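Right, one structure below, let's go through it.
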Protein chains: 2
Amino acid sequence: MESRDRRRAATLAEIKAAARRLLVSGGSSAVGLRAVARELGLTPPALYRYFPSHEALIGAMIADLYDELTTALMQLQTTEEVPDLGERLYLLANGLRNWGLAHPAEFTLLFGTAVPTPDADDHDETPGHQAAMRFGDVFKELVAQIWYWKPFPYPPDELLGKELIAQLTQESEHFQGMPPGAIYLSLTYWTRLYGLICMEVFGQLHWVLPDAGAYFEAQLREIGEALGLDCPPAD
Amino acid sequence: MESRDRRRAATLAEIKAAARRLLVSGGSSAVGLRAVARELGLTPPALYRYFPSHEALIGAMIADLYDELTTALMQLQTTEEVPDLGERLYLLANGLRNWGLAHPAEFTLLFGTAVPTPDADDHDETPGHQAAMRFGDVFKELVAQIWYWKPFPYPPDELLGKELIAQLTQESEHFQGMPPGAIYLSLTYWTRLYGLICMEVFGQLHWVLPDAGAYFEAQLREIGEALGLDCPPAD
DNA sequence: CGTTAACAGTTAACGCTGTTCACTCAGGCT
DNA sequence: AGCCTGAGTGAACAGCGTTAACTGTTAACG
């Protein structure tokens, strides 16, 4: 006999699975409360035993997607033994890109939606936010590893300005004590990667490059080189 | 007495104005057909005299927003006399950023939504697509001006790979005959700008930098320097 | 000038959505 | 055994995009 909580957890998983299915097949607008209920052979109000609102369901799905992406990227780096840190950066970047291209609906939900500002008063810790931070940590960790394995050259503080240096210094603890200039450079490459992948997944790059694969690789090579890693050569 | 077409054009403008108002105040989901009608004191079916569907209304709004952004950026470069091309790049980049920060809902609608792939068969020329291309041309033009004013150093072809070079060469005509390496560099900076602004507007940067202004300026300085332009110093 | 046709706009309705309330009914706990 | 929690249902409400049939006004044409 299945324990009550177990049954509940099972249906909860089924709900999220159905929601995910609808998201993939029809985009975020297709994942409606009624549609999910229909998918499970339930009546709409039944779902309110599991989620207080439609928005909460979407939020839970976002958190799950972040976690899925995070573990997928981490596995990509650990399963295949990769002693080379350059290879790991390459795997991480390509993994993120491939995930986005393979799951455009999910990617759009995670990265193409404006997240409400934390309001600065109290960091509203929704599950989605926490999962997003865990996702960011993957990159931060790798970057710190690269730094402490072989420090890379970074721009002098004068170029960045006092204010930015101050802000970056405050973030130093989250980057395992890296100097602000190195954090700046890491951030630069992170935003470059993000912009690249967003533009490609959102189709914003089609107008100039029908296939952005080669472009992405070149960018990756450039970044790896700047970080002092040896990357596979072009062609 | 107002001509019939004039009255029609007027109401059409009012509809789009109301839609815009709703977009600003409540995000894209607030732009409903019925809500727009309510805003104008009309009944919902009346709007079908002006737009064949709700989606068409949104599409028209997207096209308008692209055009508004495009002309705003062009005016920014022409009204104030700016002989210096570095200043113009600075104005363009900051103009785009400021527009995005000032109009997050509109920005999200334009850049945070996956545009359906052109299907490669026949470039479906919706008004939105055309307007998006006009927007892209602003950047292409400025970059070409900078290039022909004072060519900037670009990476050697060996670093980019044959395939990418071939793709970029094909786009050379849209960049006024610039060499592929220079197009590559221009594209690099465009994607960097895009990623930077997207991350900031979508709130993806809050987690590491509460105020991305200084960071953005440093990035801009870096880009300007690489293009051989003199930019204002930090602080 | 009078007729006609096009057009803006309305009312009513359909099926859809998220959400709430009152209810049933089975399972687990004391 | 009896109660009670909780999963699930049915009916209903308001709002959504959309369609059809209808009204009145207004421009155009014989």
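All values derive from a computational prediction rather than experimental measurement.
Distances were taken from every side-chain heavy atom of Leu42(B) (C-beta onward) to each of dT19(C), dG9(C), dT9(D); the shortest belongs to dG9(C).
Going from atom CZ of Phe51(B) over to atom P of dG17(D) covers 14 Å, rounded to whole Å. Straight-line distance from the CD1 atom of Ile58(A) to the C1' atom of dG18(C): 12 Å, rounded to whole Å. Between the P atom of dG8(D) and the CD1 atom of Ile15(A) lies a distance of 8 Å, rounded to the nearest Å. To the nearest angstrom, C1' of dT17(C) lies 14 Å from NE2 of His54(B). As rounded to whole Å, 15 Å separates atom C1' of dG18(C) from atom CG of Leu22(A). When rounded to the nearest whole Å, the span between CG of Leu12(A) and C1' of dG6(D) equals 14 Å. Atom CG in Leu47(B) sits roughly 11 Å away from atom C1' in dG17(D) (whole-Å rounding). Computed from coordinates, the Glu14(B) CD to dA8(C) P distance equals 14 Å when rounded to whole Å.
At distances below 3.5 Å, at least one donor-acceptor pair connects side-chain atoms of Tyr215(A) with backbone N or O atoms of Thr188(B). With His103(B) contributing its side chain and Leu65(B) its backbone, the two residues share no donor-acceptor pair below 3.5 Å. Between the side chain of Thr191(A) and the main chain of Leu196(B), no donor-acceptor pair closer than 3.5 Å is present. No donor-acceptor distance shorter than 3.5 angstrom exists from the side chain of Ser28(A) to the backbone of Leu109(A), with no hydrogens or angles considered. With hydrogens and angles ignored, the 3.5 Å screen pairs a side-chain donor or acceptor of Thr11(B) with a backbone N or O of Arg7(B).
The cationic group of Arg8(A) lies under 6.0 Å from the six-membered ring centre of Tyr50(A) and within 45° of the ring axis, placing it in a cation-pi geometry. No cation-pi contact links Arg134(B) to Tyr66(B), judged by a cut-off of 6.0 Å to the six-membered ring centre and 45° from its axis.
Within the shown strands, dC1(C) is the pairing partner of dG30(D) under the Watson-Crick or G-U definition, both distances less than 3.5 Å.
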For nucleotides 10-12 of chain D, tabulate all protein N/O to nucleotide N/O atom pairs closer than 3.5 Å, reporting atom names and distance.
none

What are the atom names and distances for every N/O pair under 3.5 Å that joins the protein to nucleotides 1-7 of chain C?
from, atom 1, to, atom 2, distance (Å)
dC7(C), O4', Arg4(B), NH2, 3.2

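Using modelled atom types and a 3.5 Å distance limit, the side chains of Glu171(A) and Tyr184(A) yield no donor-acceptor pair.
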*Decide ring pair (Phe, Tyr, Trp, His ring centres under 6.0 Å) for Phe135(B) and Phe111(B); before the verdict, give the C-alpha distance in whole Å, the side-chain angles of both, and the deciding distance to 0.1 Å.*
CA-CA 12 Å; Phe135(B) 167 73; Phe111(B) 300 105; 5.6 Å; yes

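OP1 or OP2 of dT18(D) sits under 4.0 Å from a side-chain N or O of Tyr48(B). Contact between the side-chain N/O atoms of Tyr50(B) and the OP1/OP2 oxygens of dG9(C) is found at a separation under 4.0 Å.
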